[in-house]
Number of protein chains: 2
Amino acid sequence: MIGLLYCAAAFEPYLLEVATKSMSHSERTETRKATTPRRSAAALKRMPQRLGDIALTTHESVYRGLRNRILFGGFLPGSAVTLRGLAEDMGVSPMPIREAVRRLIAERALKMMDNRRVLIPPMTEEAFEQIIFSRKTLEPELASRAMDRIGPAEIKAISTHDRAVDRAMAIGDVEGYMQANYRFHFAIYERARADTLLALVESIWLQFGPFMRMAYGRWGTSSLEDQHQAAIAALERKDRKALKAAIAADISQGMNFIGEGILKRSS
Amino acid sequence: MIGLLYCAAAFEPYLLEVATKSMSHSERTETRKATTPRRSAAALKRMPQRLGDIALTTHESVYRGLRNRILFGGFLPGSAVTLRGLAEDMGVSPMPIREAVRRLIAERALKMMDNRRVLIPPMTEEAFEQIIFSRKTLEPELASRAMDRIGPAEIKAISTHDRAVDRAMAIGDVEGYMQANYRFHFAIYERARADTLLALVESIWLQFGPFMRMAYGRWGTSSLEDQHQAAIAALERKDRKALKAAIAADISQGMNFIGEGILKRSS
DNA sequence: GCGCGATTAATGTGATCACAATGGGGAGGT
DNA sequence: ACCTCCCCATTGTGATCACATTAATCGCGC
């Protein structure tokens, strides 16, 4: 409710677009196309369990879909989500939605109000400052740990992601930019094999994803600069100090752009 | 499965004691005392919703109960938990258990294996090192932020918790020690009014709770030292630098004791 | 016309059932 | 005595229903 003030301004039409989830719930929608689904014998064709790579539960694919959508700005800060609404959108029953939403609430990607309504958490100046602190503390450390495990092959992959960042930035593809930027950073961090730390960082990214999208949606990505090249160069030289500095600088620049955009220039 | 190796050694009988949850599900157990609860008309008396302070959902009280139990060592690292088992223990249906467990898994207080079995995550040396790093990074910072909001009244409360720590340590009350120690730290951290950072720290504490309990259970709390007095003195003097140093030293001492105990001396 | 109250719709929560898959234990064979 | 295979108990998952509560909407009185 409170957070709805954030989206009072006129807004681009990306609000509810489906991000990057490739759910193939074909055999389930045909069960549900009847307006009033009866339970009698309709529960037979259950658990077809799409085996894309390995057995994946429904709530897990729902979770990943929602997670990506939040991470890359598919939701507006302050916008509400409902269990039944999402269930209908994704063509599943409300049950796996409940579990996915509960999980995302625990990760602070969603927020449950006192009235038990669920919404994308609006950003506050205090939370934003804490996010910056956490990022600048954890991410350079994670990159430093990863460095020893990053060889030429990994550097190549990381560079590919960086080029995707530049490409998206050039054509103003906000969502593409955010996805490529995420992949760039986490391609580095994942090599640290430090999942306890990585989980903290992922939770942080989930919290500023919608907010970041809002900033880019308003002021574009054209004036963005990053320190990705400096980070790659540091990785090639195995220069730990330079790497940490590059990551820290990248965070500062990016978050400063977002913060200036939304929090300072007000509406 | 793997983690069960950790509890192979002989062990004290605190394994499954109920920690500090005061659930009053009296009116619900009488519904369930029949061995095979039928659903026909038994679903009438639902949602009595004990209103201790404010309306509290069942899965929320289940969550808090489980959380405390994990935090203060009510479970052994590597031990398995089952939805139906917990449901029976707590006298509720498996449904609120599912939500609470899902939430705790997201907070890394529980771990779901590939076979979908849920267990208390066993500790590894790598995870332990990351936990120490996170604690030493976040907690002194949190204390520093809290200092400006800590007056004589708060210092009094904090000192009370410290005395409880000493008392429990003197009589070897492991669980009492852990609870008092938690209250001491979080009485400080909460004053920072930085819930984004606080959430990260709480997740970390949940992860080493069972492990800490194991160490104290084996070697007692008699040889423990802490820097609580130094922290309190720093709070009284409003000495930010000393406060951060005291918190950092307290973490180092405590975690070192635990780590030495379990990871180094093997069995 | 315009607030204001009662009715209705919608939402989260809890319970129960059905099902797939894993795991353990016992029987049978070597 | 040990290993192997099969069967059954147990577990998590998904669906559906019922309910309490909150939000929305319509209608009535001023």
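Order of the sequence lines fixes the chain letters, A, B, ..., with proteins taken first and strands second; residue numbering starts at 1 for each chain.
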Should B:Asn115 be listed as having a side-chain N or O under 4.0 Å from OP1 or OP2 of C:dG23?
-> yes
For the pair B:Arg191 (side chain) and B:Arg149 (backbone), establish whether a donor and an acceptor sit closer than 3.5 Å, ignoring hydrogens and angles.
-> yes
Start with the C-alpha distance between B:Tyr63 and B:His59, add both sets of side-chain angles, then the distance that settles ring pair (Phe, Tyr, Trp, His ring centres under 6.0 Å), and finish with yes or no.
-> CA-CA 6 Å; B:Tyr63 165 77; B:His59 84 251; 8.1 Å; no
Counting N and O atoms only, with roles assigned by atom type, does the side chain of B:Gln130 sit under 3.5 Å from a partner on the main chain of A:Leu197, one being a donor and the other an acceptor?
-> yes
Would you kindly give the CG-to-C1' distance between B:Leu56 and C:dT13, to the nearest whole Å?
-> 13 Å
Send over the distance from A:Ile97 CD1 to D:dG14 P, rounded to a whole Å.
-> 11 Å
Taking only N and O in the side chain of B:Ser93, is any of them less than 4.0 Å away from OP1 or OP2 of C:dT16?
-> no
Which residue lies more 5' along DNA chain C, comparing B:Arg84 with B:Glu99 via nearest heavy atoms | B:Glu99
Contact class for B:Val81 vs. all strands (heavy atom < 4.0 Å): base, sugar-phosphate, or nothing?
-> sugar-phosphate
Any B:Thr82 side-chain nitrogen or oxygen under 4.0 Å from OP1 or OP2 of D:dT11 | yes
Whole-Å gap separating P (C:dA20) and CZ (B:Arg117) = 17 Å
Distance test, side-chain N/O of B:Arg102 to OP1/OP2 of D:dT13, below 4.0 Å = yes
Do B:Asp195 and A:Arg108 sit within salt-bridge range, that is, some charged N less than 4.0 Å from a carboxylate O?
-> yes
Rounded to whole angstrom units, what separation is found between the CG atom of A:Asp114 and the P atom of C:dT11?
-> 19 Å
What integer distance in Å separates B:Met95:CE from D:dG12:C1'?
-> 12 Å
Donor-acceptor pair present, B:Arg98 side chain and C:dG14 base, under 3.5 Å | no
Nearest whole angstrom, please: distance from the P of C:dA21 to the CG of B:Leu83.
-> 19 Å
Verdict with reasoning, B:Phe208 to B:Phe128, per ring pair (Phe, Tyr, Trp, His ring centres under 6.0 Å) | CA-CA 8 Å; B:Phe208 68 81; B:Phe128 191 67; 8.0 Å; no
Nucleotide C:dA21, atom C1' - distance to CE of B:Met113 in whole Å | 16 Å
Euclidean distance, atom CE of residue A:Met90 to atom P of D:dG14 [Å, nearest integer] | 13 Å
